[in-house]
Amino acid sequence: MRNDLRAGIVGLGIGIPHSVVTNYDLEQCIDTSDEWIFTRTGIRERRVAPHGIATSDLAAQAALQALQNAGKTPEEVDLIVVATATPDMPWPSTACLVQAKIGASRAAAFDLNAVCSGFVYALWMAAQAVETGAYRCVLVIGADILSRQVNWEDRATCVLFGDGAGAVVLAPVDEPYGVLAGVLGADGTGAPLLNVPAGGTREPLSPEALAQKRHTIQMRGREVFKFAVTIMGEVSLQALEKAGIPSEEVALFIPHQANIRIIQAAAERLNLPMERVFVNVDRYGNTSAASIPIALYEAWAQGLLKRGNVVVVVGFGAGLTWGACVVRWV
Ligand code: ACO
């Protein structure tokens, strides 16, 4: 292993459905209001994938754009990791479907499921793979179509989520740039707080499960909220400590976009003004594993990420899971 080898983000891309569903649209079909949704969550609208579009379609679109922005071809990719909780099908992996779609014929491919923390998990794992020298061009993709897993009659969950994909290309870069540190964690005792009970081996799909909507997202929202407001700040501070960087040096904080109040609490814990926090939850809602790479892409496209900037990405999700990475932009 070479100690001077670092993994840097050298290209970014997104795959986002065109169809917008606003809070006003939701007012037409469930007992809710734009005012309730916006004040509790910060969400104004979300994207919903049309029938016929699957997770691998959005992921492949994001991947091709990321490769183009990195100046690399699909044949150069040697590993594809797709973070998703909503694969096209139980198996094979969505990563294999993406590999075929983009023609990355040399690449190994696998999925990783840490739900909304999935992108941070995949980024940190893939960074290790690059740092060992084993892989030189890795596609890390976060992609989810949660609109297919929500119960559209449950106002407590259906207003929160949206669909999308984001991708980054990781490649070796010189010190002092690249992914500097990462911290991942999980607490499986929290699994009952947020899950999709039916459709797996514990409770295979059945007419009863379908009738009771047990194949859709079940969430104890207040408890998840309490967990999230604490963990996002804590794990970010742990990752910064590991990198040896004080929080004042963070140029941009890119948290999982689930709820503006959770984001504000995390920023407060780091003592960061909201000008240094990237927020797009108003336009996309919670896109699960896609939320951080979509936000990263938009920050980059808006010119907010400059060479040498310290960026912190942090997520939390079902599992329960959490993770943060500190990156010095290349
Ligand atoms: N419109 C109107 N009223 C609503 C809606 C809605 N869409 N949803 C719930 N309500 C009502 C409830 O029924 C409740 O009414 P009651 O007091 O008469 O019983 C009232 O609003 C308050 O409900 P709470 O759940 O207490 O509202 P809270 O302020 O906690 O906000 C929310 C709910 C937004 C879900 C919040 O708890 C939250 O954001 N939790 C975290 C969720 C999250 O981030 N999940 C994703 C994790 S990532 C992953 O891995 C998928």
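Order of listing sets the numbers, starting from 1, for every ligand and every atom in it. Numbering starts at 1 and runs along the sequence shown.
Atoms of ligand 1 found under 4.0 Å from any heavy atom of Cys116 (numbered from 1 in listed order, with element): 48 (S), 49 (C), 50 (O), 51 (C).
Contact annotation: for Ala318 versus ligand 1, heavy atoms closer than 4.0 Å belong to both the backbone and the side chain. Residue-level proximity to ligand 1 for Thr157 is absent, since no heavy atom of it falls below 4.0 angstrom. At a 4.0 Å heavy-atom cut-off, ligand 1 does not touch Ile30 at all. At a heavy-atom cutoff of 4.0 Å, ligand 1 is contacted by both the backbone and the side chain of Thr32.
At least one heavy atom of Ala156 sits less than 4.0 Å from an atom of ligand 1.
The presence of a protein heavy atom under 4.0 Å from atom 29 (O) of ligand 1 is confirmed. In this structure, atom 19 (O) of ligand 1 has its sub-4.0 angstrom surroundings free of protein heavy atoms. Distance screen at 4.0 Å: atom 3 (N) of ligand 1 has a protein heavy-atom neighbour inside the cut-off.
The structure places CD1 of Ile262 at 9.5 Å from CZ of Phe227, a figure rounded to the nearest 0.5 Å.
Judged by a 6.0 Å distance limit and a 45° cone about the ring axis, Arg6 is not positioned over the six-membered ring of Tyr177.
A donor-acceptor pair under 3.5 Å links the side-chain atoms of Asn259 to the main chain of Arg40, judged by distance alone.
Classification of Arg136 and Asp78 as a salt-bridged pair fails, no side-chain N sitting under 4.0 Å from a carboxylate O. Under the 4.0 Å criterion applied to side-chain N and carboxylate O atoms, Glu298 and Arg283 are assigned as salt-bridge partners.
Side-chain contacts under 4.5 Å among hydrophobic residues (ILVMFWY), followed directly or transitively, place Met89 together with Leu97.
Relative to atom 26 (O) of ligand 1, the option among Arg155, Arg222, Arg220, Met219 with the closest non-hydrogen atom is Arg222. Closest heavy-atom approach to atom 36 (C) of ligand 1 within the set Phe227, Phe225, Phe316: this belongs to Phe225.
Looking only at atom types and distance, the side chain of Ser56 has a donor-acceptor partner in the side chain of Asp88 under 3.5 Å away.
Of the N or O atoms in Arg40, one or more lie within a sub-3.5 Å distance of an N or O in ligand 1.
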